[in-house]
Structures are given as structure tokens and as C-alpha cells.
Visitor: 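The structure is given below, and queries will be raised subsequently.
Note that the numbering runs from 1 along the sequence shown for the chain.
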Amino acid sequence: VQLQASGGGLVQAGGSLRLSCVSSRSTLTRYAVAWFRQAPGKDREFVATISWNDDRTYYGNSVKGRFTISKDNDKNTVYLQMNSLKPEDTANYYCAAGSRGPSAWSDNYDYWGQGTEVTVSS
């Protein structure tokens, strides 16, 4: 399984971006997919995850109410809509897929994309 993340860029505080994570094959009906992020000098942080079968979603506390994760099974794509962006959202964002169900733990995911960089200016 290969994952390709895209959609990052430079945006002003208060703006929006939508990240996409495309899977190399039809995995979204069998894998939970998550977004994590890592800022320079900081630990990896859980952002959001969506289950494979009933579209349950979970969010990290720092993004709850501002970010929305969704998926399109026909396009093998998971999206992360990010609104009301803050400078502290600046990080490299990674998507990951795993068969053990949605989780905030990175060890739960077997496949990782290469990351897409998000920079939020103040």
C-alpha cells in the first residue's frame, strides 16, 4: 500500500487548506486512515482518524472543531479540511493507514505517506 499526501502550502492565519491522501489501491474499505503532524523539534502529534467501515472520526484536542477528516472510497482518497488555521498548525502532515481500527497511536498504522508541508504565517 502506498499513500501519497498533497495539498500543503503557505497560508495566512485564519485561512484554510485541504489536504489529500491518495491510496495506491482500494484500501479505504479495509483500513483506518489517520493524519499526523510533526513540527520541527517536536514529537509527532495525532491530528485525526477515520474508520474504514462506518466513518467514525476522532480528532486531536488541538484541532477539534477546526479540522474535518473525510473520505471518498471511489477515489481511494482521504481528505483533511483545515479551517481557522493558526501558526501553531505549521508542520509536516503525514497520512497513515492501518488495519487495527482508528487510533491516536502511531504504532497502530502500518503504512505511511511521505508528508506534505503546511506553513501558517501570523
Visitor: Just wondering, more than 12 heavy atoms not from K64 lying within 6.0 Å of its NZ?
Guide: yes
Visitor: So which heavy atom on Y59 is nearest to which on F67, and how close?
Guide: CE2-O, 3.2 Å
Visitor: Please give me the minimum heavy-atom distance between V78 and K71, naming the atom from each residue.
Guide: CG2-CB, 3.7 Å
Visitor: Sub-3.5 Å donor-acceptor pair from the side chain of T90 to the main-chain atoms of V120, do we have one?
Guide: yes
Visitor: Output yes when a side-chain donor or acceptor of R56 lies under 3.5 Å from a complementary backbone atom of S51, and no otherwise.
Guide: no
Visitor: Within the distance-only criterion (no hydrogens, no angle test), does the side chain of N108 pair as donor or acceptor with the backbone N or O of G101 below 3.5 angstrom?
Guide: yes
Visitor: Drop me the distance from K42's NZ to N92's CG, to the nearest 0.5 angstrom.
Guide: 14.0 Å
Visitor: Within this structure, what is the NZ-OG distance for the pair K86 and S122, rounded to the nearest 0.5 Å?
Guide: 14.0 Å
Visitor: Should we count CG of D54 as having more than 12 external heavy atoms under 6.0 Å?
Guide: yes
Visitor: May I ask you to test the R37-S62 pair for a side-chain heavy-atom distance under 4.5 Å?
Guide: yes
Visitor: Grab the two heavy atoms, one from V118 and one from G8, that are nearest each other, plus how far apart they are.
Guide: CG2-CA, 4.0 Å
Visitor: Minimum heavy-atom separation for R100 to D107, with atom names?
Guide: NH2-O, 3.2 Å
Visitor: Might you point out which heavy atoms bring K75 and V22 nearest each other, and give the distance in Å?
Guide: O-CG1, 4.4 Å
Visitor: Between L80 and A48, which heavy-atom pair has the shortest distance, and what is it?
Guide: CD1-CB, 4.2 Å
Visitor: Does F46 share a hydrophobic cluster with Y93, counting links as ILVMFWY side-chain heavy atoms below 4.5 Å and allowing steps through other members?
Guide: no
Visitor: How about Q2: does its CD atom have over 12 heavy atoms from other parts shown lying under 6.0 Å from it?
Guide: no
Visitor: So among Y94, Y31, F36, W35, which one has a ring pair (Phe, Tyr, Trp, His ring centres under 6.0 Å) with Y109?
Guide: F36
Visitor: Just so I know, are the side chains of T49 and S103 near enough to count as touching, which here means a heavy-atom distance under 4.5 Å?
Guide: no
Visitor: To the nearest 0.5 angstrom, please state how far the CZ atom of R18 sits from the OG1 atom of T68.
Guide: 11.5 Å
Visitor: Okay, side chain of Q4, backbone of G113: is any donor-acceptor separation there less than 3.5 Å?
Guide: no
Visitor: Using side-chain heavy atoms (C-beta onward) and a distance below 4.5 Å, is S16 in contact with Q81?
Guide: yes
Visitor: If you define the side chain from C-beta out and look only at heavy atoms, does anything of M82 sit under 4.5 Å from V11?
Guide: no
Visitor: Kindly compute the distance separating OG1 (T77) from CG (L19), expressed to the nearest 0.5 Å.
Guide: 12.5 Å
